[in-house]
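The structure appears right after this line, and notes come after that.
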Amino acid sequence: MQRRHFIGALPVALAATAVPAALANPPATPVYKTSVNAIDFGVVADGGLVDGTDNTAAMTQAINYCIEHELELILPAGDIDLRGGLVIAPINGGDALKISGVDAGSQGSRLWIKADAPALTIKTQCTLENFGIIGDAVQVGGRGQQDGVLLYGVKLNAQGENQGIGNIYLRNIVFDRCQNSIHLFGIVFYSYFENIRWFSCVNAHVNGAGDPARDKPGYAVAFLQCQMTPPSGKYGFYLENAGSVVLSDCALSPAKLSEQCFRLVSNASLSGIHQIDNTVFEGSVKEALRIDGLGTPCRFMFFSNCYFNQSGATADAITLVNAEHMYFSNCYISGTNAGVTFLGRAKKISLTNCEFQIAGSVPVIRTLPGAAVHGLDIVAPNYDGAQRFLELGNAVVGEISRIHVLGGVLGVNPSPVNCQPQDANKVMILNTNNIQTRGGGTASFSGGTSLFTIGHGLLGKPSKFSVVPGNAAAGDAEIRWVEADSGFIRVQCKSVASSETRWVWNAET
């Protein structure tokens, strides 16, 4: 294995673990080998569903030896029981490790953690590939600390500043039955997860956290071609103090999760961008995507070619609580309730070329009481349902601005967009397929007046409108002029109508 270095490698040595005399003697210091097998240290793969040999001490000895001598550690095929957690940390000048198994499937190499501790706590650069990590938290409960893998990114310098860890690679790893499958904590740089497979967990398959005051960059991680099919647990991703998160070609489908597929609670203060593409978020009871933005807004998230679909009776596909600079392009947004809900403050949100398939009886995109939206661009949407497409009426009056809907199809609702009258001049709708009319296009009035006021129900002042007599009395009154504003079309006639007058009108934004 080629040794890798990065600035700020942790100097913390792994605490020595007593090794029973029955264990095999470790190999002599190698002069030509690049790898050793865990069997050489007395590891016995006879566990799994039936309790077997406790390999905690033997695996600890193997890990320490391989770090110190810069060797790859090979796991045998079979189920390797652990009654305690393993730690990968710098020791005697060594600061990198690669652990490889035979395969990640049921006939391959599997670590079975049977303790309230992470199976692997990682404190230095390492590579893990081709094996499974199985816990018992789902079955026995009471395993709040049982992570499949804990990336512990806390390494303090003399000034008490966290330098973090980095260069972590996981490939072809299967996780099942732990409290959290992957736990990110602190500052973790340049870490990649490729072809990861998640099954069941208690809490989250990916749980990110850290101290906001200390861990200002957060964690920078990328997930490539990973699958949760079909997992169970509370969350797919639950992220606090996130630095930069990338998902590409991943599938959370059907994610049988009791909470969200992806929930971003907060960004690190020095966070970068989050980029998610070609990824499916499907089947959670609550939102497929929820952005909280606790403390400060979550910002700079880019979603492209993604599929959002939730299965709960009351949750929305996407909820944005406190969010800025959110960009969705070529996405499919579906569910049993609203497509996108604004719950708090949103700024600079873009939805471009998105398809909406909503089964609920609420608007496709909506604000809830107390929401504020400043900057919403909806370009070329496609929705063919009967619900209102955009409902802004629940937002705080005066807290709506720079709303643009350009092109596309907004469904068949006669009033696809609505907001408070005071905010109508802040909403622009151009070149959609929708002509907003109301009242069947005919307005009736009793006689005795020459001025007729027709409420058009449009959002803002119509760009086009027309009025023609609908009966003989209207024709006899003779139109002098017609004008329109944001609420009404007014018809001034030359004569006072003597009887019921009907006017046929049309208007569009």
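Side chains are part of it too, since the values below use all heavy atoms of this structure and drop only hydrogens, waters and symmetry mates.
Electrostatic pairing of Arg402 and Asp377 does not count as a salt bridge here, judged by no charged N lying under 4.0 Å from a carboxylate O.
There is no side-chain donor-acceptor pair under 3.5 Å between Asn241 and Ser266. No hydrogens or angles considered: a donor-acceptor pair under 3.5 Å links the side chains of Asp316 and Asn337. Under 3.5 Å, the side chains of Glu194 and Asn172 contain no donor-acceptor pair of N or O atoms. Between the side chains of Thr336 and Gln310, at least one donor N or O sits under 3.5 Å from an acceptor N or O. Side-chain contact, Arg177 with Ser200: no donor N or O sits under 3.5 Å from an acceptor N or O.
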Checking side-chain contact (heavy atoms from CB on, under 4.5 Å) for the pair Thr319/Leu289: CA distance, chi angles, key distance, verdict? CA-CA 7 Å; Thr319 294; Leu289 171 68; over 6 Å; no
CA sep, side-chain torsions, deciding dist, call: Arg299, Glu324, salt bridge (charged side-chain N to carboxylate O under 4.0 Å, His left out): CA-CA 5 Å; Arg299 53 173 61 92; Glu324 298 180 357; 3.3 Å; yes
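The aromatic rings of Phe185 and His183 lie perpendicular to each other, with more than 60° between the two planes, well past the 30° mark. Using the six-membered ring where Trp is involved, Phe308 and Phe328 have ring planes that are perpendicular, over 60° apart on the 30 and 60° scheme. Ring geometry for Trp198 versus Phe223: interplanar angle of 30 to 60°, hence tilted.
Among pairs with a residue in residues 251-265, those fulfilling side chain to side chain donor-acceptor pair (under 3.5 Å) read Ser253-Glu282, Glu259-Lys286, Gln260-Glu287, Arg263-Asp292, at least two apart in sequence or across chains.
In this structure, the side chains of Ser446 and Glu500 stay at 4.5 Å or more apart for every pair of heavy atoms.
The distance between the ring centers of Trp503 and Phe452 falls below 6.0 angstrom.
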